[in-house]
Amino acid sequence: MELFEYKAHELKAMLGKGEVSAKDITESFLGRIESVEESVGAFLKVDRESALSGAKRYDDGEKEGLLAGIPVGIKDNISVKGMQNTCASKILEGYIAPYDATVTEKIKKQGGVIVGKLNMDEFAMGSSTEHSAFKITRNPFDLTRVPGGSSGGSAASVAAMEVPLSLGTDTGGSVRQPAAYCGIAGLKPTYGSISRYGVTAFGSTLDQVGTLGRDVRDLALITSAITGRDDRDFTTHSRDLGDLYANLSKDIKGKRIALPEEFLGEGLNDDARKSIEESVKVFEALGATVERVSLKMADYSLAAYYIISSAEASSNLARFDGIRYGFRAKDACDLIDLYKESRSQGFGPEVKRRIMLGTYVLSAGYYDAYYKKALKVRKLIQDEYNSIFSKFDAMISPTTPTPAFRIGDKTEDVMAMYLNDIYTVPVNIAGIPAVSIPCGLTEGMPLGLQIMGAHFSEQTILDIAYAYESERGLDLRPSL
Ligand SMILES: NC(=O)C[C@H](N)C(=O)O
């Protein structure tokens with residue numbers, strides 16, 4: 001077996017026993033990138049030098065840290081000092097981050113070896129990575145299909161074994177949906193459990209850094225490395241999630257799991273429905289109970305999400321004006337024209353759509369009818385989730401209604417693209433944690449099972465995911 005085929009926790013064990021060097025590991029992944037990247041296209045920038053110098057630090061004696069000697073890929077909206085941070089947008093082309101995001105600082109402090117920056121939908125707006133201004137990324141299981149989005153590069157790179165671990169961001173499903181499409185595991189932690197300092201803001205009350213790996217142990221490992229309160233992000237919480245990796249347990253006897261009827265309705269792929277029904281049996285065999293529940297507010301989640309996230313985006317993206325960073329239009333006749341032209345030429349169509357939608361719902365006369373109403377709906381959704389979690393330890397659903405679709409299939413149909421997120425957005429609205437793990441295949445493509453929990457119940461949902469994964473023994477690999 002080649003080194004790139006091992007999972008992060010396996011590599012960690014091999015390094016710990018001195019069986020391999022960090023250089024061997026990094027070179028193996030860099031070699032893999034060389035052979036498959038042309039077909040997958042997960043990276044916007046591979047930084048061989050940074051990777052090899054990170055590995056050298058380990059081999060020279062810096063062996064401490066949860067991720068010591070392990071390669072990690074970073075989504076291109078998370079700042080890494082000295083590397084580009086384009087958010088896959090023309091407006092930030094050529095922008096080099098002058099500082100590390102807190103999560104980057106933590107990855108480095110824990111010995112992680114940063115390999116490069118990963119492709120995404122522009123400013124994290126999209127579900128297929130087709131909205132990147134630079135290139136498309138392909139699904140390693142079928143190169144004619146999308147990897148999902150917006151963290152499509154983060155998911156495809158891990159599935160293609162170009163890196164064992166990656167970071168993404170999840171505003172409405174952007175870590176879980178691509179993880180499901182690419183047959184890997186992805187976690188969106190509780191809002192406030194991970195710092196957003198140095199992460200380009202999209203919807204500030206929804207955004208959360210998420211983690212991707214090939215199994216639950218790897219997710220627990222990288223998540224433990226980056227959680228915690230940060231004085232530079234006042235939305236972070238002081239509550240400690242504990243050592244998710246060391247405390248991982250397969251014992252889920254007696255756990256009460258809810259399954260919402262509304263997540264099994266119209267539009268759900270038949271095999272996805274079957275795989276959820278089979279998953280119920282797996283949980284029961286593991287000693288948990290599964291009970292059907294009703295989530296009455298589920299139907300309103302998507303509408304509330306697109307109003308709130310677009311309103312926040314229209315405000316957050318105002319800073320990209322052609323003056324402060326990145327792209328500046330040529331030949332502007334005055335300051336207003338410079339703003340106008342830089343933004344018109346610098347942003348892609350999906351970003352413009354969100355800015356216009358967001359500006360509209362915040363404008364006088366429409367604020368009450370749309371934005372304020374969406375905030376009220378948000379509260380009702382949060383109350384409904386809290387009430388479920390007062391009786392249950394976790395809730396399960398499919399991660400997405402269908403498997404990965406073909407490249408180009410949904411680019412013209414905005415609504416069809418937004419519907420991809422129907423099962424994932426309520427989680428961001430409620431601010432709770434959720435993990436997606438593989439639960440089967442349809443048409444040769446992976447399907448994901450989403451496990452959600454109460455605020456700060458990462459250990460519980462990861463334990464449930466770990467028990468399920470161990471029982472099923474699914475280890476999906478693309479034939480690349
Ligand atoms: N950023 C996300 O979580 C993705 C979501 N599909 C969106 O376009 O808003």
Side-chain angles (χ1 to χ4, degrees), residues 75-78 87-89 118-133 137 146-155 166-182 186-189 191 194 196 199-212 301-317 347-358 361 374 378 399-402 404-405 409-411 413-436 448 450 452:
K75 188 175 177 178
D76 207 24
N77 60 349
I78 300 174
C87 299
S89 179
L118 296 158
N119 199 20
M120 55 186 283
D121 285 297
E122 186 177 358
F123 284 105
M125 296 170 190
S127 307
S128 65
T129 311
E130 293 165 291
H131 295 311
S132 165
T137 296
V146 302
S150 63
S151 312
S154 305
S166 69
L167 292 187
T169 56
D170 190 315
T171 306
S174 273
V175 161
R176 291 158 287 153
Q177 184 254 22
Y181 278 8
C182 291
L187 172 72
K188 188 219 71 95
Y191 183 80
I194 296 180
R196 291 175 297 116
V199 180
T200 311
F202 161 17
S204 308
T205 67
L206 302 155
D207 295 341
Q208 194 57 189
V209 173
T211 48
L212 299 101
S301 297
L302 208 57
Y305 171 78
Y306 277 95
I307 292 173
I308 297 169
S309 65
S310 303
E312 293 177 3
S314 79
S315 152
N316 277 325
L317 269 56
F347 288 135
E350 182 60 25
V351 174
K352 287 181 187 162
R353 183 179 294 123
R354 307 273 181 119
I355 292 175
M356 283 190 283
L357 180 63
V361 300
R378 175 184 212 157
T399 307
T400 58
T402 62
F405 47 92
D409 260 11
K410 296 193 182 176
T411 33
D413 186 347
V414 177
M415 219 26 227
M417 190 70 94
Y418 290 0
L419 278 166
N420 271 292
D421 303 334
I422 191 139
Y423 305 139
T424 50
V425 295
V427 164
N428 301 72
I429 291 184
I432 57 174
V435 57
S436 176
Q450 178 173 236
M452 300 157 265

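Counting convention: from 1, in listed order, for ligands and their atoms alike. All values below were derived from every heavy atom in this structure, side-chain atoms included, with hydrogens, water molecules and symmetry-related copies excluded.
Donor-acceptor pairing under 3.5 Å is lacking for the side chains of Gln450 and Thr424.
Every residue meeting the side-chain contact (heavy atoms from CB on, under 4.5 Å) condition with Ser310, not counting sequence neighbours, appears here in chain and number order: Arg354, Leu357. With sequence neighbours left out, Ala303 forms a side-chain contact (heavy atoms from CB on, under 4.5 Å) with no residue at all. Tyr418 is linked by a ring pair (Phe, Tyr, Trp, His ring centres under 6.0 Å) to Tyr306, counting only residues two or more places apart in sequence or in another chain.
No option in Thr169, Thr200, Asp121 other than Thr169 meets the side chain to side chain donor-acceptor pair (under 3.5 Å) test with Asn77. Checked against Lys75 for a side chain to side chain donor-acceptor pair (under 3.5 Å), the options Ser150, Ser154, Ser166 give a single hit: Ser150.
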Write out each pair where an N or O from ligand 1 and one from the protein are under 3.5 Å apart, with the distance.
| residue | atom | partner | partner atom | Å |
| --- | --- | --- | --- | --- |
| ligand 1 | 1 (N) | Ala124 | O | 2.7 |
| ligand 1 | 1 (N) | Ser174 | OG | 2.8 |
| ligand 1 | 3 (O) | Thr171 | N | 3.0 |
| ligand 1 | 3 (O) | Gly172 | N | 2.5 |
| ligand 1 | 3 (O) | Gly173 | N | 3.2 |
| ligand 1 | 3 (O) | Ser174 | N | 3.1 |
| ligand 1 | 3 (O) | Ser174 | OG | 2.7 |
| ligand 1 | 6 (N) | Gly126 | O | 3.1 |
| ligand 1 | 6 (N) | Ser127 | OG | 3.0 |
| ligand 1 | 6 (N) | Asp421 | OD1 | 3.4 |
| ligand 1 | 6 (N) | Asp421 | OD2 | 2.6 |
| ligand 1 | 8 (O) | Gly126 | N | 2.8 |
| ligand 1 | 8 (O) | Arg354 | NH1 | 3.3 |
| ligand 1 | 8 (O) | Arg354 | NH2 | 2.8 |
| ligand 1 | 9 (O) | Tyr305 | OH | 2.5 |
| ligand 1 | 9 (O) | Arg354 | NH1 | 3.0 |

